[in-house]
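Quick notes on the structure that follows.
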Amino acid sequence: MDDPESPPLSNGELARIFHEIGDMLEVKGELVFKTVAYHRAADAIAHSPVEVARAYRAGDPPRIAGVGEAIARKIEELARTGHLAFYEHLREEVPPSLVALLGIPGVGPRTVKQLHDELGVETLDDLRRAAEAGTLRGLRGMSEKTEEQVLAGIATLENRKDRMRLGQAEEIVETLLAELAETPGLRSIQPAGSFRRRRETIGDLDLLAETDRPLELVGRFVGLPTVESIIARGPHKAAVRLLRGPQVDLMVMPPDEAGTYLIHFTGSKEHNVRLRGMARDRGWSLSEKGYLRLGDDGEPATGDAADLRVFPTEAEAYGFLGLPFIEPELREDRGEIEAAVAGQLPRLVARTDLRGDCHSHSDWSDGVHAIEQMAESARRRGYAYLVLTDHTVSLAIARGLDLERVERQRRIVAALNERFAREEAAGTAPPETAPEGFRLLHGCELEVRADATLDYPDELLATYDLVVGSVHVARRQSREQLTARTLAAIRSPHVDVIAHPAGRYIGSREDLDLDWDTVYEEAARTGTALELNGSDERLDLSDVRARRAAELGCVFAIDSDAHRTEELDNLRWGTAMARRAWLGPDRIVNTRSRAELIDWTAGKPGRV
DNA sequence: GCCGTTTTCGGCCCGACTGTTTTCAGTCG
């Protein structure tokens with residue numbers, strides 16, 4: 001029965017259902033291509049810029065690659081009723097506890113089916129008991145050793161850490177690279193995988209090395225003090241789990257053949273599948289080893305090495321398919337192949353394009369470091385400006401500033417800027433100082449109250465260099481209320497940037513329930529920038545949302561939201577998200593000079 | 001189940017490692 005009153009399922013919820021269907025079909029032993037089709041469709045829905053269920057309910061189903069007639073019918077049913085009979089029947093047949101067994105490393109769908117059919121295993125505990133009782137060894141292809149592996153796999157699953165934040169991944173990678181750097185024979189070593197693509201969270205880490213002495217490198221790698229266990233170890237490849245840390249894969253490549261290796265191990269899997277398809281169309285088989293010419297039978301030729309093509313760089317390896325180099329952040333099969341074929345890849349914004357930072361805090365509100373420390377730190381990073389945006393009065397928990405403290409803070413900012421100007425004139429500023437000089441701009445992080453009013457009066461807001469507006473409180477309001485509050489900030493002539501528009505914390509706090517397209521359209525119409533918040537706990541807007549916003553004409557600010565000096569470097573993660581959203585420097589307001597930025601903020605009433 | 005400037009049927013990406021195997025299936029990335 002239709003239930004138009006209930007909120008439509010989110011893309012994430014739809015994707016989870018179709019992934020689960022794919023998993024259940026795998027366990028049932030269904031044709032593998034069918035299960036893959038469900039997973040592909042689930043991924044496409046998860047990354048869709050439009051709210052799929054809402055669009056179906058409105059009678060305007062979007063065209064989604066990988067969603068054909070059968071899956072479209074299922075989305076339709078889910079969108080209209082919130083239920084899917086096919087899914088519910090499947091869950092009775094293949095209980096979720098059985099699907100959960102797929103999470104055990106080393107246990108795949110065939111094994112789960114075998115365990116269920118032959119031993120009646122339905123849950124993790126069933127399997128644990130069976131392995132401990134030694135009843136697995138009687139099954140075809142299983143032994144005592146299998147039982148040990150299953151038990152170890154269950155332990156791993158139960159201890160499995162959540163995916164890492166980018167900053168955590170970076171720290172581990174840098175430690176590993178330092179520990180392996182002095183290995184004899186090593187020519188180069190670098191991270192690949194989702195960390196190189198800068199996905200918002202990282203599961204496993206991948207390292208790629210060129211070395212003349214593979215055995216020595218692999219040996220040192222598996223012997224590192226932080227290695228808890230060795231998962232696999234071959235002559236050119238090894239996988240380990242770190243103590244209280246992630247799995248790390250090391251791959252050794254022959255010197256001067258890195259091109260296809262880097263592509264293969266950087267991924268994404270979906271990007272690689274597309275490349276292999278292109279290679280196949282041209283009569284070549286692509287693997288990490290290079291391009292191998294296909295014979296008349298459609299199989300790669302064996303024997304003579306004459307038909308293997310290898311390349312020292314990724315650019316050359318892409319070039320073999322007639323493609324330009326594709327930036328790692330774009331390699332998600334979200335249109336980058338088509339753009340590359342058409343010669344229309346975007347020029348992505350780079351960290352060095354940024355001239356300043358529009359969102360930062362001091363110990364006047366909830367930051368750690370003093371105003372002067374924050375300013376000095378930004379100056380020594382070569383910025384032309386840092387906007388100090390401490391919280392406003394109603395956010396008492398963060399010591400929001402009342403009017404009297406705003407005035408005192410303003411005098412401190414002015415005094416600092418006088419000193420900076422004097423030093424620049426006298427030539428005594430730090431050598432890292434930007435050519436245009438450095439100034440601390442005065443702003444605030446303006447609270448949008450629960451009733452959609454702004455925390456400071458217009459007369460006060462008009463005195464700031466730049467204002468970022470934020471929704472922090474009353475997050476559980478209705479979609480209409482939350483959207484109205486965000487729009488109130490966007491429509492204010494004094495609000496220049498909407499800070500962390502979705503208000504999420506990765507892994508712990510969901511996005512605000514907003515009418516997103518309306519928010520994007522209004523931001524575009526008024527010229528209000530949306531923030532790409534660089535805190536690796538936020539990364540807000542997400543890459544998917546930012547790309548949609550850009551399609552609708554929005555501009556953005558890449559901000560650190562630093563609460564201490566070290567966090568100023570959060571700009572690198574904000575930049576990564578901008579790149580994953582296909583954004584160029586022209587869309588980012590803080591690629592502008594200080595004078596241009598100030599002109600832009602002063603022009604807002606005229607932009608409306 | 002999806003998809004089509006070679007197909008509306010017949011394909012659908014590739015290889016290393018593991019374990020139990022005597023030639024290969026399963027899992028993983």
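- Under the rule for a side-chain hydrogen bond (donor to acceptor under 3.5 Å, both in side chains), A:Gln114 has no partner lying at least two apart in sequence or in another chain.
- Nucleotides B:dC28 and B:dT22 have their P atoms positioned 23 Å apart, rounded to a whole Å.
- Put simply, CD on A:Glu257 is 16 Å from C1' on B:dG15, counting in whole angstrom units.
- A side-chain donor-acceptor contact under 3.5 Å links A:Thr175 to the backbone of A:Glu171.
- Of the candidate nucleotides B:dG1, B:dC12, B:dA16, B:dC12 has the atom nearest to the side chain of A:Arg280.
- Heavy-atom nearest nucleotides on DNA chain B were determined for A:Gly234 and for A:Gly277, and the one closer to the 5' end corresponds to A:Gly277.
- Taking atom C1' on both nucleotides, B:dG15 is separated from B:dG10 by 25 Å, rounded to a whole Å.
- Residues that satisfy the ring pair (Phe, Tyr, Trp, His ring centres under 6.0 Å) test with A:His47, not counting sequence neighbours, are absent from this structure.
- Under the Watson-Crick and G-U wobble criteria, each requiring two contacts below 3.5 Å, nucleotide B:dT8 is left unpaired.
- Judged as a side-chain hydrogen bond (donor to acceptor under 3.5 Å, both in side chains), and not counting sequence neighbours, the contacts of A:Arg196 are A:Thr266, A:Glu314.
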Sub-3.5 Å pairs of nitrogen or oxygen atoms, protein against nucleotides 26-29 of chain B:
residue : atom : partner  : partner atom : Å
B:dG26  : O3'  : A:Thr111 : OG1          : 3.4
B:dT27  : OP1  : A:Gly108 : N            : 2.7
B:dT27  : OP1  : A:Gly108 : O            : 3.1
B:dT27  : OP1  : A:Thr111 : N            : 3.0
B:dT27  : OP1  : A:Thr111 : OG1          : 2.3
B:dT27  : OP2  : A:Arg110 : N            : 3.3
B:dC28  : OP1  : A:Gly106 : N            : 2.5
B:dG29  : OP1  : A:Asp204 : OD2          : 3.4

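- Across B:dC12 and B:dA16, the matching C1' atoms stand 22 Å from one another, rounded to whole Å.
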## Note on the structure
With sugar-phosphate taken as primed atoms, P, OP1 and OP2 and all else as base, the protein-contact string of nucleotides 3-11 of chain B at under 4.0 Å (heavy atoms; B, S, -) is S--------
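- A:Lys74 has its NZ atom 12 Å from the C1' atom of B:dC2, to the nearest Å.
- Listed by chain and residue number, nothing satisfies the ring pair (Phe, Tyr, Trp, His ring centres under 6.0 Å) test with A:Phe195 (two or more places apart in sequence, or in another chain).
- Taking the ring pair (Phe, Tyr, Trp, His ring centres under 6.0 Å) definition, one finds that A:His116 meets it with nothing, sequence neighbours left out.
- Annotation: cation-pi geometry satisfied between A:Arg538 and A:Tyr505 (NZ/CZ under 6.0 angstrom from ring centroid, within 45° of ring axis).
- Comparing the P positions of B:dT7 and B:dG11 gives an interatomic distance of 14 Å, to the nearest angstrom.
- By the ring pair (Phe, Tyr, Trp, His ring centres under 6.0 Å) test, A:Phe320 is found to be paired with A:Trp284, A:Tyr291, A:Phe311, residues two or more places apart in sequence or in another chain being considered.
- Every residue was checked against the side-chain hydrogen bond (donor to acceptor under 3.5 Å, both in side chains) condition with A:Glu182, not counting sequence neighbours, and none meets it.
- Listed by chain and number, the residues in a side-chain hydrogen bond (donor to acceptor under 3.5 Å, both in side chains) with A:Arg199 amount to none (sequence neighbours excluded).
- Between B:dT8 and B:dC3, the two C1' atoms lie 9 Å apart (nearest whole Å).
- Rounded to whole Å, the distance from OH on A:Tyr261 to C1' on B:dA16 is 11 Å.
- Nucleotides B:dT21 and B:dG26, compared at atom C1', are 12 Å apart to the nearest Å.
- A:Leu250 places its CG atom 14 Å from the C1' atom of B:dA16, with the value rounded to the nearest Å.
- For the salt bridge (Lys or Arg N to Asp or Glu O under 4.0 Å) test, no residue two or more places apart in sequence or in another chain qualifies with A:Arg282.
- Rounded to an integer number of Å, the gap from NE2 of A:His236 to P of B:dC17 is 8 Å.
- The side-chain tip of A:Lys74 does not point at the ring of A:Phe18 from less than 6.0 angstrom away and within 45° of straight on.
- With a glycosidic angle further than 90° from 0, B:dT5 counts as anti.
- Each of B:dC17, B:dT18, B:dC12 was ranked by its minimum atom distance to the side chain of A:Gln149; first place goes to B:dT18.
- Straight-line distance from the CD1 atom of A:Ile75 to the P atom of B:dG1: 13 Å, rounded to whole Å.
- Sorted by residue number, the members of residues 14-49 of chain A with any non-hydrogen atom under 4.0 Å from DNA chain B read A:Leu31, A:Phe33, A:Lys34, A:Ala37, A:Tyr38.
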